[in-house]
Amino acid sequence: MQTQEINRIVQDLLQRGYEGTYWDYKEDYTDCKEDKLIDIICMANNIDGRDAYLIYGANDDGIVTGIENTTYTRYTTKSVTEFLKSKPFAGGYVPKVSVQIVEIENHELDVLIIHSTRNTPYFLANNFSQSHDRKKHLVAGAIYTRVNDINTPRNQTASYEHTEYLWRRRFGMDMTPSEKFLYFLENTQNWSETKWDIDKHSYCKKSPEYQLYALESNDGYETLAYFYDDERMLYAPLELRYLTTTLYETELWYMDMGRCLIPKPEKKYMIEQGLFYYYIELESLNGKLLPLFAYGKKQCNNRSGQQMPVLIFETEETRLSFEKWVKENIELKKSYSEEMKKSAIFQHIKDKESKDGSPVCGVLEVAISFKYYKTWCSLEEK
C-alpha cells in the first residue's frame, strides 16, 4: 500500500474519534501476547470483509499522542508475521499483515494493517496461554470477531450469524459468478493445463462451469513485438464464460510468433514527456490473468526468461505515482536515450522496427520508459 493512500486512510479513521469494526486505536504497545493475538484475529475476522487497521500512537478518542517514545519494541512487518506464524492457527491459515509508519501532527504512528482475505474464519487449533491470568487465555476452536468496537469475549465465540458469514466468505458463497471468476483467477493451480495454440480452452478444476476460450487468432502489430526474438505476433479474442454466458472479454496476445502469451496490456502516451509505455495493473482483469499465461509469474518474459518492457503495477494509484516520479525526473531522459543508442542489443531491435517503417511512438520511447521503470522500482525497494 502506497504511503499517500495509508496516510489518507489513517487520517480519516482518526477524525472519526471513535473505534469501529475494522479499526482500533492503541496509545501504546502491550507485552501481553494474548492481547496482541486476539486483536489481530478479531480484525482479520472483521464482518465488513475489508482491510483492518490497528493504529498505535493514538488514544481512545483518536487523538494523536505518538508512538516514537514507546519503551516497547516497535512492530515491523517481519516481527508481526513471525509472531503469527508461530501460533497454532487451524489449517495453517495465518492472517496476512504489514506495518507502515505514518507521520501526523509531528508524531509517528505505527499502523498494523491486517489485509482482507477469503481465508476466514481464522481461529486456533489449540488453546493459547502464555500469561498467568486465566482471563487472558484464548480458546481452541473459538471464532473471535468484532462488533462495533468490542472484541468477542475470550471465553465465547462469535454469533451464529457472523460465523456463518465468515465461512460463506471462505467458500465464496457470498460472491456473484462474476466475482467468483476473478477469485478463481487468483490461483493458477485452479485451472486445467492447456496448449493455447492448439486447444485454446481451459476450465476451473474446482468449478468446471467457469471456462476460458481463446477464439480465432489474427496477425497483429505492436511496437512491443520488436523486443521479442521474432517480431511476428498474433492476437485472439479471449472470452471468460460461466456456463454459456460470457462474463468478461479481453484479448490474448501471442508474442514471438506464439511462443510467449500475455493478456493484452494497456498503452499510455506521456505526450509532453515524449514517452510511451505498455502496462498491466495487477488488480485489473488482465492483471489477474497474467500469471495464468506467464507460468505463474507476474511479469512478461521472452523465451530466454528476460523481462520484456511491459510495466507491472499493483494498482492504478501505484502507476500514477510512477508517472509523477518520471515527470519530476524528466532530465534523465537524455542520458537514458544516449545509453540506448550505444547498446548493440537495442540497435538490433531498432533495425527490426525500421524494416516495417517508423511509427509515431517506437522502440526508443518504449525502451526509455522501461529504463525509468527499472530505476523507479529499485528506489521503491530501498
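For clarity, every value in this text was computed on a predicted model and none was experimentally measured.
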Looking at [atom1] of [X] and [atom2] of [Y], how far apart are the two atoms once the value is rounded to the nearest 0.5 Å?
X    : Y    : atom1 : atom2 : answer
N301 : Y228 : CG    : OH    : 8.0 Å
I312 : C300 : CD1   : SG    : 5.0 Å
I6   : Y53  : CD1   : OH    : 5.0 Å
F313 : C377 : CZ    : SG    : 7.0 Å
E251 : L215 : CD    : CG    : 10.5 Å
E316 : S284 : CD    : OG    : 10.5 Å

For [Y], is there any backbone N or O sitting under 3.5 Å from a side-chain donor or acceptor partner on [X]?
X    : Y    : value
E19  : Y25  : yes
R118 : R169 : yes
E164 : E161 : no
S79  : T76  : yes
Y372 : K333 : yes
N190 : F184 : yes
R168 : M173 : yes
N59  : E27  : no
N187 : Q189 : yes
T81  : T77  : yes

Side chain to side chain, [X] and [Y], heavy atoms closer than 4.5 Å:
X    : Y    : result
F293 : L238 : yes
P95  : F89  : yes
Q307 : F370 : yes

Does a donor on one side chain sit under 3.5 Å from an acceptor on the other, for [X] and [Y]?
X    : Y    : value
T152 : T145 : no
T318 : T315 : yes
T246 : Y213 : no
H137 : E34  : no

Considering all heavy atoms, the nearest [X]-[Y] contact:
X    : Y    : answer
A44  : Y122 : CB-CD1, 3.6 Å
K135 : R154 : O-CD, 3.3 Å
V363 : F227 : O-CZ, 3.6 Å
Q273 : K327 : NE2-CG, 3.6 Å
L166 : T120 : O-OG1, 2.9 Å
P265 : V310 : CB-CG1, 4.1 Å

May I ask you to decide whether [X] forms a salt bridge with [Y], counting only side-chain N to carboxylate O separations under 4.0 Å?
X    : Y    : answer
D229 : R259 : no
R16  : D12  : yes
E323 : K268 : yes
R303 : D230 : no
K136 : D133 : no

Hydrophobic clustering (ILVMFWY, side-chain heavy atoms < 4.5 Å, transitive) - are [Y] and [X] grouped together?
X    : Y    : result
I67  : V97  : yes
F123 : L138 : no
I262 : Y226 : yes
I40  : Y22  : no
Y210 : Y203 : no

Review point. Looking at the rings of Y373 and Y278, which for Trp means the six-membered one, are their centres under 6.0 Å apart?
Key: no
Practice item. Verify the ring-centre separation between F181 and W191: is it less than 6.0 angstrom? Key: yes
**Study point:** Criterion side chain to side chain contact (heavy atoms under 4.5 Å, CB included) on T223 and F276, from CA distance to verdict
**Key:** CA-CA 10 Å; T223 302; F276 166 57; 4.3 Å; yes
Practice item. Walk me through it: do L37 and L124 pass the test side chain to side chain contact (heavy atoms under 4.5 Å, CB included)? Key: CA-CA 10 Å; L37 185 56; L124 302 177; 4.1 Å; yes
Neighbour count >12 (heavy atoms, 6.0 Å) for atom [atom1], [X]:
X    : atom1 : value
E193 : CD    : no
N106 : CG    : no
K180 : NZ    : yes
K205 : NZ    : yes
E272 : CD    : no
I198 : CD1   : yes
E314 : CD    : no
E186 : CD    : yes

Exercise for review: Begin with the C-alpha distance, continue with both residues' side-chain angles, and end with the deciding distance and a verdict on side chain to side chain donor-acceptor pair (under 3.5 Å) for Y56 and T70.
Suggested key: CA-CA 10 Å; Y56 291 86; T70 182; over 6 Å; no
Practice item. Give the C-alpha distance, both sets of side-chain angles, the deciding distance and a yes or no for side chain to side chain donor-acceptor pair (under 3.5 Å) between T21 and R50. Key: CA-CA 10 Å; T21 54; R50 55 170 297 164; over 6 Å; no
Exercise for review: Would you sort out whether L54 and V111 count as a side chain to side chain contact (heavy atoms under 4.5 Å, CB included), showing the intermediate values?
Suggested key: CA-CA 6 Å; L54 291 171; V111 183; over 6 Å; no
Practice item. May I have the step-by-step check of side chain to side chain contact (heavy atoms under 4.5 Å, CB included) for D24 and D149, ending in yes or no? Key: CA-CA 7 Å; D24 196 0; D149 60 346; over 6 Å; no
**Study point:** Ring-face cation contact, F83 with K36, 6.0 Å cut, 45° max
**Key:**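 Checked: cation-pi criterion met.
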Review point. Y93 ring centre to R170 NZ or CZ under 6.0 Å, with the angle to the axis within 45°?
Key: yes
Practice item. Return the orientation label for the Y29 and Y72 ring planes: parallel under 30°, perpendicular over 60°, tilted otherwise. Key: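 Plane angle over 60°, so perpendicular.
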